[in-house]
Number of protein chains: 2
Amino acid sequence: MRRPTLEAVAARAGVSRATVSRVVNGSASVNPEIRAAVLRAVDELGYVPNSAARSLVTQRTDAVGLVVSEPPSRVFSDDPFFSVVVRAVSQELESADKQVVLMLASSPAGQARVERYVAGGHVDGVILLSLHGSDPLPAALARTGLPVVSHGRPASTDRLPYGDCDNVGGARAAVRHLLERGRRRVATIAGPPDMTAGTDRLAGYREVLSAADRRSLAALGDFTRESGAAAMRRLLEDDPDLDAVFAATDLMAIGALQTLRRTGRRVPDDVAVVGFDDIEAARFTDPPLTTVRQPIAEVARAIVRMLLAQDPAHRQEPVILPTELVVRESS
Amino acid sequence: MRRPTLEAVAARAGVSRATVSRVVNGSASVNPEIRAAVLRAVDELGYVPNSAARSLVTQRTDAVGLVVSEPPSRVFSDDPFFSVVVRAVSQELESADKQVVLMLASSPAGQARVERYVAGGHVDGVILLSLHGSDPLPAALARTGLPVVSHGRPASTDRLPYGDCDNVGGARAAVRHLLERGRRRVATIAGPPDMTAGTDRLAGYREVLSAADRRSLAALGDFTRESGAAAMRRLLEDDPDLDAVFAATDLMAIGALQTLRRTGRRVPDDVAVVGFDDIEAARFTDPPLTTVRQPIAEVARAIVRMLLAQDPAHRQEPVILPTELVVRESS
DNA sequence: CTGAAAGCGCTTACAG
DNA sequence: CTGAAAGCGCTTACAG
């Protein structure tokens, strides 16, 4: 059951391979009758161009890699972040007639596989997602000479084009809001220290507090709900009188709400809570969550466009999209 | 920044392209000194074989497609099913030195893209996951002549090799258990009617009840927690006196627990609940969930082996793995 | 053990 | 507008 080749189509239609190629690739200059005959032969034979042969001559694959530096259990989890990015990236890429190849690379072995895959010419470009500080991929992929962009500011100083939201600004807005509402002891549940989304939001928090001459109180989480619940417990041990907490993600804020409820605190009466992301679930928590809305999908679409437009001639400036504070009942 | 070719490596090492190819592909019969010289050249140049060129001649890609017939929001959700399958399939495939290409295809457009991708020769075989009754992919992919297997029994009658757990038997065990505990009015929350995991579990439920001369009471869900909560509400409206429910997935059982709690029912005192899957969360519900353990990862590994071993000479028998009832406090 | 040569299935200047 | 021909970067019988 070997698949038919250009040659077979050409023979059937009684034309040369060059002509079949032109028809298949939509070249304008083909006699309408000949085109019709070729299309008929394509149809009858069920011809689909062999991508390997095409790539070999065009030096393109029309595929783009979306590489996520997280393990499956994190990517396929209740965190809607990945779903939103994958969906937005896919739509944008498909409308440009590119195939998306999703790869997870959270271990050195996985990273090596991705590097070989990319170096082997399987894709025309790469989108990096959820980069951690120590990730060797940006440097490794840069060596392939292919265009690479990152969703989220990379921790390393490589000048990798990227898109992100204004993490520092969003965190500032959240903390200012809490201070304006009269909160005096504002803690934070920070994200992983090896990710800029974690460190930038922590920086924004610290900045506003120190400008207001207040002390910081931080516990670390890993962006998951469970880690948020645990961090909240530690914060309450450190300072049982805290009256507000800013969590670096909604999921961690939801975990914090759980802990607060279990320790008998009322929200927002005793402790105000603000999250970050504005995931769908933020509207359905009890009470509904005040949060910093982050345009994840817009950033995704922007970096796809950066990737497709990449012109080695001039360096690409990062795209930073604004966030927006959404005030609900938890603060 | 064009990547180096075999030619360049050969020139640098002072040998023919054939020899470089042999070294790169690990052929035994190469003089150790020459091999060393070639490897040095490969290293110095950072040579990685061009996959398109290699595929063109070998007619292999060493890649396998994992095609999931669900939208991103479902695949990237709190349902651990996909994470478990992706992880198991990846491990098994990687240990056979194959690349996994994950593709979602939940719309006609997506299915068409997958079909073209596979027909274009990008993969050596395909694993189908979460097939729905009307899915055109099995038939379309069969036409490519490539090996195809399914995780889960396909609804259509195509003789597609597949692996699954014993859905009917698992459901039977769950319902028998409820009857043995003295439950008299056993309802069920069934899965989607266009998926065999839904219909087979419903069939097992019905079988046991009618053998015991009891009436069935079913409400449909779509495997998600939300749908389980809603289905439970409908069941209670239909029969406020039911004293047990078998849900076709743990997530739906968890949704049912919510509804039961909200309507003031005690579990298991008033209503016993049994799920299906034994996901991690089943141990942490309140009360811990009795459920039918399903070997999702084992099935995944089995079908990968079926795919890799596929010999067109003889039809492959399905692999059906047993389930196991895990009794906890909800029943 | 090694090399010269054919060929995988396409695209694309180049002629006509 | 169409075709003959070169060539993309590999692998693999076939000689030697």
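Residue numbering restarts at 1 for every chain, and letters A, B, ... go by the order of the sequence lines. Please read these numbers as outputs of a predicted model, since none were measured by experiment.
Rounded to a whole Å, the CD atom of A:Gln59 is 13 Å from the C1' atom of D:dC10. Atom P of nucleotide D:dG9 and atom CG of B:Leu45 are separated by 14 Å, given to the nearest angstrom. Separating the CD atom of A:Glu7 from the P atom of C:dC10 is a distance of 9 Å, rounded to the nearest angstrom. Atom-to-atom, CG of A:Asn31 to C1' of D:dG3 comes out at 15 Å; the value is rounded to the nearest Å.
Considering only side-chain atoms of A:Leu56, the nucleotide from C:dG9, C:dT2, D:dT2 that sits closest is C:dG9.
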Could you walk me through whether A:Phe76 and B:Phe82 satisfy the ring-ring contact (aromatic ring centres under 6.0 Å, His included) test, starting with their C-alpha distance in whole Å, then the side-chain angles of each, then the deciding distance to 0.1 Å, before giving a yes or no? CA-CA 7 Å; A:Phe76 304 93; B:Phe82 301 98; 7.6 Å; no
I would like to know whether A:His122 and B:Gln99 meet side-chain hydrogen bond (donor to acceptor under 3.5 Å, both in side chains); could you show each step before the answer? CA-CA 11 Å; A:His122 280 105; B:Gln99 173 72 30; over 6 Å; no
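Shortest non-hydrogen contact noted between A:Tyr162 and A:Arg153 is OH-CD, 3.3 Å. Taking both residues in full, the closest heavy atoms of A:Ala10 and A:Val20 are given as CA-CG2, 3.6 Å, listed atom of the first, atom of the second, then distance.
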What one-letter contact string describes nucleotides 11-16 of chain C from 5' to 3', where B marks a base within less than 4.0 Å of any protein heavy atom, S marks contact via sugar-phosphate atoms alone, and - marks no contact? BBB---
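In this model, the phosphate group of D:dG9 is not approached by any side-chain N or O of B:Thr5 to a distance below 4.0 Å at OP1 or OP2.
Environment of CZ in B:Arg116: sparse, with no more than 12 heavy atoms of neighbouring residues, nucleotides or ligands closer than 6.0 Å.
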Which string of ( ) [ ] | and . matches DNA chain C, if you list each base 5' to 3' and count Watson-Crick or G-U pairs only when both distances are under 3.5 Å? |||.||||||||.|||
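Electrostatic pairing of B:Lys98 and B:Glu92 does not count as a salt bridge here, judged by no charged N lying under 4.0 Å from a carboxylate O.
One side chain, A:Glu70 or A:Ser130, offers a donor N or O that lies under 3.5 Å from an acceptor on the other.
The aromatic rings of A:Phe81 and A:His151 stand perpendicular to each other, their planes meeting at an angle above 60°, with 30° marking the opposite boundary.
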